[in-house]
Amino acid sequence: MFRSTITILFSVLMIAGLFFQADAAPLHSRQIGNLACNIARLKIVSNLAATKSAVSEIDDTNAAAKTAATDGLNSASDGIKTIAKSLITGAQAPAAARDQVGAGLTAAQTALDGLTSGDDPAVAEAQDKLSSAIAAGQDVVAQCK
């Protein structure tokens with residue numbers, strides 16, 4: 001949990017740092033983004049962290065789905081980190097990283113869709129947070145043009 005919080009904080013600080021860089025390398029307009037774009041970026045990072053936290057609370061009787069969801073979320077996080085690194089260095093964000101985020105979110109959703117929240121309220125929480133993360137990801141695609 002502490003590690004997840006540190007990762008979130010670091011990611012938010014990295015993205016926030018983009019707002020205040022005075023002598024940053026020139027970025028493509030899609031990468032700089034406007035306010036709506038950057039808010040969407042912050043939302044996906046925070047919702048992804050909230051989803052990870054909720055998944056970690058799922059009862060271990062659902063271990064296979066919990067592991068598959070966690071693996072998908074970690075893959076999505078890795079893709080976001082690659083994109084964030086590109087933003088910071090001024091490089092073009094690789095399309096493969098965007099695809100990795102989408103595939104990771106889809107894998108997590110597939111894993112969680114196989115569970116019912118009847119016996120474990122953490123399942124519903126994880127599904128809700130994942131839906132918010134997916135919506136934020138769609139906002140990034142729509143807003144960051």
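For reference, positions follow the sequence shown, starting with 1.
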**Student:** Please list, chain by chain and in numerical order, all residues satisfying side-chain contact (heavy atoms from CB on, under 4.5 Å) with Asn74, sequence neighbours excluded.
**Tutor:** Lys52, Thr70
**Student:** Quick check for you: to the nearest 0.5 Å, what is the distance between Arg98 atom CZ and Thr82 atom OG1?
**Tutor:**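 It comes to 11.5 Å.
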**Student:** Determine the minimum heavy-atom distance between Ala111 and Ala68, stating which atoms define it.
**Tutor:**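 Closest pair (atom of Ala111, atom of Ala68, distance): CB-CB, 3.7 Å.
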**Student:** Given 3.5 Å as the limit, does a donor-acceptor pair link the side chain of Ser75 with the main chain of Asp71, or not?
**Tutor:** no
**Student:** How long is the span from the CD1 atom in Ile39 to the CG atom in Asp139, to the nearest 0.5 Å?
**Tutor:**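 So the gap between those two atoms works out to 10.5 Å.
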**Student:** Is it the case that the side chain of Asn34 and the backbone of Cys37 share a donor-acceptor pair, with hydrogens and angles ignored and the cut-off at 3.5 Å?
**Tutor:**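 Present.
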**Student:** Looking at side-chain heavy atoms only, is the closest gap between Leu48 and Leu105 below 4.5 Å?
**Tutor:** yes
**Student:** For Ala69 versus Ala108, what's the shortest heavy-atom pair and its separation?
**Tutor:**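 Minimum heavy-atom contact is O-CB, 3.7 Å.
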**Student:** Distance-only, no hydrogens or angles: does the Thr67 side chain make a donor-acceptor pair with backbone N or O of Ala64 under 3.5 Å?
**Tutor:** no
**Student:** Do other residues, nucleotides or ligands put more than 12 heavy atoms under 6.0 Å from Lys66 NZ?
**Tutor:**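 More than 12 within 6.0 Å, yes.
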**Student:** Quick one: does Asp59's side chain have a donor or acceptor within less than 3.5 Å of a partner on Asp120's backbone?
**Tutor:**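 Between the backbone of Asp120 and the side chain of Asp59 there is no qualifying donor-acceptor contact (under 3.5 Å).
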**Student:** To the nearest 0.5 Å, what is the distance between CG on Leu115 and CG on Asn62?
**Tutor:** 4.5 Å
**Student:** Would Asp78 and Lys81 count as a side chain to side chain contact (heavy atoms under 4.5 Å, CB included) here? Give the steps.
**Tutor:** CA-CA 5 Å; Asp78 290 345; Lys81 289 174 190 171; 4.2 Å; yes
**Student:** Do you know which two heavy atoms are closest between Gly79 and Ala97, and how far apart they sit?
**Tutor:**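 The answer is O-CB, 3.7 Å.
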**Student:** Heavy atoms only: give me the nearest Ala36-Gln143 pair and the separation to one decimal.
**Tutor:**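 It is CB-OE1, 3.3 Å.
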**Student:** Just to verify, which of Ile80, Leu87, Ile83 counts as forming a side chain to side chain contact (heavy atoms under 4.5 Å, CB included) with Arg41?
**Tutor:** Leu87
**Student:** What are the two closest non-hydrogen atoms of Ala126 and Ile58, and how far apart are they?
**Tutor:**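 So the minimum-distance heavy-atom pair works out to CB-CD1, 4.1 Å.
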**Student:** Do Leu112 and Val55 come close enough that some side-chain heavy atom pair is under 4.5 Å?
**Tutor:**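 Yes, close enough: below the 4.5 Å cut-off.
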